**Q** 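Input: one structure, supplied below.
Treat the numbers as computed from the prediction; the structure is a model and nothing was measured. Side-chain atoms are counted along with the backbone in the values below, which use heavy atoms only and exclude waters and symmetry mates.
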Amino acid sequence: MSQSPAILNKFLGTAGLQMISRALSVIAGVILARYLGPEQYGLYTYVLSIIAIVTIPVIAGLPQLLIREIAHAELEGKWGELKGLLRWSSAFIISISALVMLTTMLILYLGLISSQTASLLWFAIFLIPIKSFSAKQGAILNGFRKPILGLFPEFILMPFLAILVYLYLIVSKTEFTSLLLIKVQLITSALTLLLGLGLIFKERSNNLNHVKPTYYFKKWHIALLPFTLMIFISTMNAQLANVFLGYFDDKESVASFKVALQGVTLVTLGFAAVNNIIGPKVARLYRSGDIQSTQALLTKSVKLSATFSIPIAVVLIFFGDWFIRILFGEQYLASHPILIILCIGQIINICFGSVGLVLNMTGNEKRSLKALLATLLINVLLLFILVPIYQAIGAALAVSMSLVLWNIWMSIDVYKITKLKTWLC
């Protein structure tokens with residue numbers, strides 16, 4: 001029987017949830033941009049970008065590893081190994097979080113970061129373990145084939161709670177500051193972490209209750225390393241633009257770039273929803289040797305992503321300035337050229353399909369790593385060249401060009417290794 005109805009239903013459910021999530025994120029972004037102003041909003045974004053980068057060693061490639069290994073363990077009935085994997089991943093996050101936090105505290109204590117940024121980072125570092133455990137919980141639920149539940153705590157509940165707090169601050173006429181909003185982020189993140197923990201206990205298989213955990217530390221660490229490097233590189237690619245802008249230009253440029261990214265998240269919504277759904281399916285089908293079904297799944301998924309996402313990108317390219325003026329205000333109109341460049345890059349990205357996911361879910365993450373490393377170096381080089389000259393426009397060009405090069409490289413690798421076509425054709 002065709003998987004199309006099931007995939008479409010899950011896509012609609014996941015995409016619907018992500019649409020709500022993106023809408024909540026845009027509402028929150030509008031409130032922050034208007035009530036913080038460009039300088040404070042830029043500072044807030046800059047600090048969160050630093051936290052995203054220093055969190056990389058903690059969460060590493062655990063979500064991708066967990067999704068793949070849970071899919072394999074369920075397929076093969078290896079419940080003891082699955083229980084050991086879940087316990088080991090928690091211990092990994094706790095130990096590496098402690099090390100990263102202590103290192104960051106030492107840097108702050110020595111005064112190696114400006115006092116304005118450091119005053120926020122003293123609080124923001126506590127997001128490191130909270131965000132890491134939240135990402136782990138989402139991956140576990142996705143691995144158990146519950147992608148909608150995996151998204152709900154972090155991507156629906158957290159922004160919803162944050163908006164409620166923002167509205168309370170507005171009604172009570174409390175002044176918005178970047179430090180206050182870091183504290184709000186801490187509280188809402190902690191609450192959603194607790195909800196995610198409850199969902200894990202509810203959805204985990206009963207087969208885990210009566211088996212002893214078995215541990216394969218060497219196997220997991222070897223498998224984790226390429227995933228870790230991939231996440232490090234992809235996160236650096238995503239966050240470096242903000243960091244370069246904050247260093248070479250001013251915080252207002254960071255704010256403009258952040259506003260443009262708010263629009264881009266709407267474009268990637270369908271693509272992200274599809275990847276959340278097909279990840280475990282690709283791992284299972286390819287593992288069982290069913291190449292024909294794997295190809296059919298990838299063909300349907302790229303068509304679904306393109307149908308959903310490209311019209312949004314076109315609207316933002318031609319009418320993005322109107323949306324920015326209405327939602328964020330005249331002071332952020334400089335974001336529109338940035339948005340156009342990023343949208344063009346994302347259209348190409350979506351048309352190439354789930355290249356990275358296919359390599360990772362088929363056990364070829366080392367090839368994925370090589371392409372990511374090369375594009376990171378290209379991205380850094382382009383940022384060094386373009387940001388000092390063209391500021392935020394240069395950052396957008398660097399990000400989009402490196403994204404296109406990554407897709408070309410990865411699609412060639414996918415076809416050579418697996419004979420699977422991910423691109424739209």
**Q** Restricting to non-hydrogen atoms, name the atom on Thr55 and the atom on Ser132 that form the minimum distance, rounded to 0.1 Å.
**A**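 Closest approach of Thr55 to Ser132: CG2-OG, 3.4 Å.
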**Q** Start with the C-alpha distance between Val404 and Asn349, add both sets of side-chain angles, then the distance that settles side chain to side chain contact (heavy atoms under 4.5 Å, CB included), and finish with yes or no.
**A** CA-CA 6 Å; Val404 171; Asn349 178 46; over 6 Å; no
**Q** With heavy-atom distances below 4.5 Å as the criterion, would you say the side chains of Ser25 and Thr265 are in contact?
**A**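 SC-SC contact between Ser25 and Thr265 ruled out.
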**Q** Can you name the nearest heavy-atom pair linking Ser189 to Ser134, along with the distance?
**A**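 Result for this residue pair: O-OG, 4.5 Å.
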**Q** Can you check side chain to side chain contact (heavy atoms under 4.5 Å, CB included) on Leu359 and Ile417, steps first, answer last?
**A** CA-CA 9 Å; Leu359 281 182; Ile417 297 167; 4.1 Å; yes
**Q** Apply the test side chain to side chain contact (heavy atoms under 4.5 Å, CB included) to residues Val58 and Phe92: give CA-CA distance (whole Å), side-chain angles for both, the deciding distance (0.1 Å), then the verdict.
**A** CA-CA 8 Å; Val58 184; Phe92 181 91; over 6 Å; no
**Q** Just by modelled atom types, is the Asn360 backbone N or O under 3.5 Å from a matching donor or acceptor in the Asn364 side chain?
**A**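 No; judged by distance alone, with no hydrogens or angles, the pair does not exist.
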**Q** Test ring-ring contact (aromatic ring centres under 6.0 Å, His included) on Phe244 and Phe384 and set out the steps.
**A** CA-CA 8 Å; Phe244 268 74; Phe384 262 120; 5.0 Å; yes
**Q** Is there side-chain contact between Leu164 and Phe160, with heavy atoms separated by less than 4.5 Å?
**A**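 When only atoms from C-beta onward are counted, Phe160 and Leu164 do touch, with a gap below 4.5 Å.
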**Q** In terms of side-chain heavy atoms, does Ser256 have a donor or acceptor partner in Ser253 at a distance below 3.5 Å?
**A**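 No, no side-chain donor-acceptor pair sits under 3.5 Å.
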**Q** Establish, for the pair Lys419 and Tyr415, whether the NZ or CZ atom is under 6.0 angstrom from the six-membered ring centre and no further than 45 degrees off its axis.
**A**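 Checked: cation-pi criterion met.
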**Q** Any donor and acceptor pair, going by atom type alone, linking the side chain of Thr268 with main-chain N or O of Phe271 inside 3.5 Å?
**A**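 No.
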**Q** Strictly distance-based, threshold 3.5 Å: is any side-chain N or O of Gln40 a donor or acceptor partner for the main-chain N or O of Ser178?
**A**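 Here the side-chain-to-backbone pair exists.
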**Q** Kindly compute the distance separating CD1 (Ile163) from CE (Met158), expressed to the nearest 0.5 Å.
**A**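 So the gap between those two atoms works out to 11.0 Å.
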**Q** Out of Leu43, Asn242, Val259, which residue meets the side-chain contact (heavy atoms from CB on, under 4.5 Å) rule with Val254?
**A**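 Only one of Leu43, Asn242, Val259 forms a side-chain contact (heavy atoms from CB on, under 4.5 Å) with Val254, namely Asn242.
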**Q** Quick one: CG on Leu297 to OH on Tyr286, what's the gap to the nearest 0.5 Å?
**A**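 If I round to the nearest 0.5 Å, the distance is 14.5 Å.
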**Q** Report yes if the side chains of Ser400 and Leu342 come closer than 4.5 Å at any heavy-atom pair, otherwise no.
**A**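 Heavy-atom side-chain distance check passes, below 4.5 Å.
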**Q** Scan side-chain atoms only and decide if Lys131 and Gln185 contain a donor-acceptor pair under the 3.5 Å cut-off.
**A**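 Judged by distance alone, the side chains do pair up.
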**Q** Could you grab the distance from atom CD1 of Ile182 to atom CG of Leu127, nearest 0.5 Å is fine?
**A**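 The distance works out to 6.5 Å.
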**Q** Taking atom types as modelled, find out whether Asp290 and Ser288 have a side-chain donor-acceptor pair closer than 3.5 angstrom.
**A**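 No pair is found: no donor N or O on one side chain lies under 3.5 Å from an acceptor on the other.
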**Q** Between Ser90 and Lys136, do the side chains contain a donor N or O and an acceptor N or O under 3.5 Å apart?
**A**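 Ser90 and Lys136 do have a side-chain donor-acceptor pair below 3.5 Å.
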**Q** Checking ring pair (Phe, Tyr, Trp, His ring centres under 6.0 Å) against Trp88, which of Trp220, Tyr216, Tyr215 comes through?
**A**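 Between Trp88 and the candidates, ring pair (Phe, Tyr, Trp, His ring centres under 6.0 Å) is satisfied uniquely by Trp220.
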**Q** Report yes if the side chains of Leu195 and Leu157 come closer than 4.5 Å at any heavy-atom pair, otherwise no.
**A**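 Result yes, sub-4.5 Å side-chain heavy-atom pair found.
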**Q** Within a radius of less than 6.0 Å around CZ of Phe217, do more than 12 heavy atoms belonging to other residues, nucleotides or ligands occur?
**A**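 Counting neighbours around CZ of Phe217, more than 12 heavy atoms of other residues, nucleotides or ligands fall under 6.0 Å, so yes.
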**Q** If only atom types and distance count, is the side chain of Arg34 paired as donor or acceptor with the main-chain N or O of Leu327 below 3.5 Å?
**A**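 Here the side-chain-to-backbone pair exists.
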**Q** Considering non-hydrogen atoms only, spot the tightest contact between Ala374 and Trp409 and give its length.
**A**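 Closest heavy-atom pair between Ala374 and Trp409: CB-CZ3, 3.3 Å.
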**Q** Evaluate the side chain to side chain contact (heavy atoms under 4.5 Å, CB included) criterion for residues Leu180 and Leu169: first the C-alpha distance (whole Å), next the side-chain angles of each, then the deciding distance (0.1 Å), finally the verdict.
**A** CA-CA 10 Å; Leu180 174 61; Leu169 294 175; 3.8 Å; yes
**Q** Does Leu197 reach the side chain of Gln137, with side-chain heavy atoms less than 4.5 Å apart?
**A**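 Yes - at least one pair of side-chain heavy atoms lies under 4.5 Å apart.
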**Q** Measure the spacing between CD1 of Ile408 and CH2 of Trp423 and express it to the nearest 0.5 Å.
**A**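 Result: 12.0 Å between the selected atoms.
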**Q** Which distance, rounded to the nearest 0.5 Å, do you find between the CG of Leu179 and the CH2 of Trp122?
**A**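 So the gap between those two atoms works out to 13.5 Å.
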**Q** Indicate the atoms forming the closest heavy-atom contact of Ile128 with Ser97, along with that distance.
**A**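 So the minimum-distance heavy-atom pair works out to CG2-OG, 4.2 Å.
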**Q** Looking at every heavy atom in both Gln262 and Val26, which two are closest together, and how far apart are they?
**A**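 Here Gln262 and Val26 meet closest at OE1-CA, 3.7 Å.
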**Q** Is it the case that Lys183 places NZ or CZ above or below the six-membered ring of Phe123, under 6.0 angstrom from the centre and within 45 degrees of the axis?
**A**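 Yes, Lys183 sits over the ring of Phe123.
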**Q** Report yes if some heavy atom in the side chain of Ile51 is under 4.5 Å from a heavy atom in the side chain of Leu121; otherwise report no.
**A**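 In contact.
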**Q** Using modelled atom types only, decide if a donor and an acceptor are shared between the side chain of Ser309 and the backbone of Ser305 within a distance under 3.5 Å.
**A**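 At least one qualifying donor-acceptor pair exists.
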**Q** Counting N and O atoms only, with roles assigned by atom type, does the side chain of Gln295 sit under 3.5 Å from a partner on the main chain of Lys421, one being a donor and the other an acceptor?
**A**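 Yes, because the side chain of Gln295 sits within donor-acceptor range (under 3.5 Å) of the backbone of Lys421.
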**Q** Looking at Phe323 versus Phe328, is the centre-to-centre ring distance below 6.0 Å?
**A**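 So the answer is no for these two rings.
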**Q** Below 4.5 Å, heavy atoms only, C-beta onward: do Leu382 and Leu397 meet side chain to side chain?
**A**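 No, side chains not in contact.
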**Q** Rounded to the nearest 0.5 Å, what separation is found between the OG atom of Ser293 and the NZ atom of Lys281?
**A**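 So the OG of Ser293 and the NZ of Lys281 are separated by 11.0 Å.
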**Q** Taking the side chain as everything from C-beta on, heavy atoms only, tell me whether Tyr332 gets closer than 4.5 Å to Tyr41.
**A**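 The answer is yes, as the side chains (C-beta and beyond) meet within the 4.5 Å cut-off.
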**Q** If you count every heavy atom of other residues, nucleotides or ligands that lies below 6.0 Å from Lys219 atom NZ, does the total exceed 12?
**A**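 Counting other residues, nucleotides and ligands, NZ of Lys219 exceeds 12 neighbours.
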**Q** Looking only at non-hydrogen atoms, find the nearest pair between Cys351 and Val302 and report the distance.
**A**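 For Cys351 versus Val302, the nearest heavy atoms are O-CG2, 3.9 Å.
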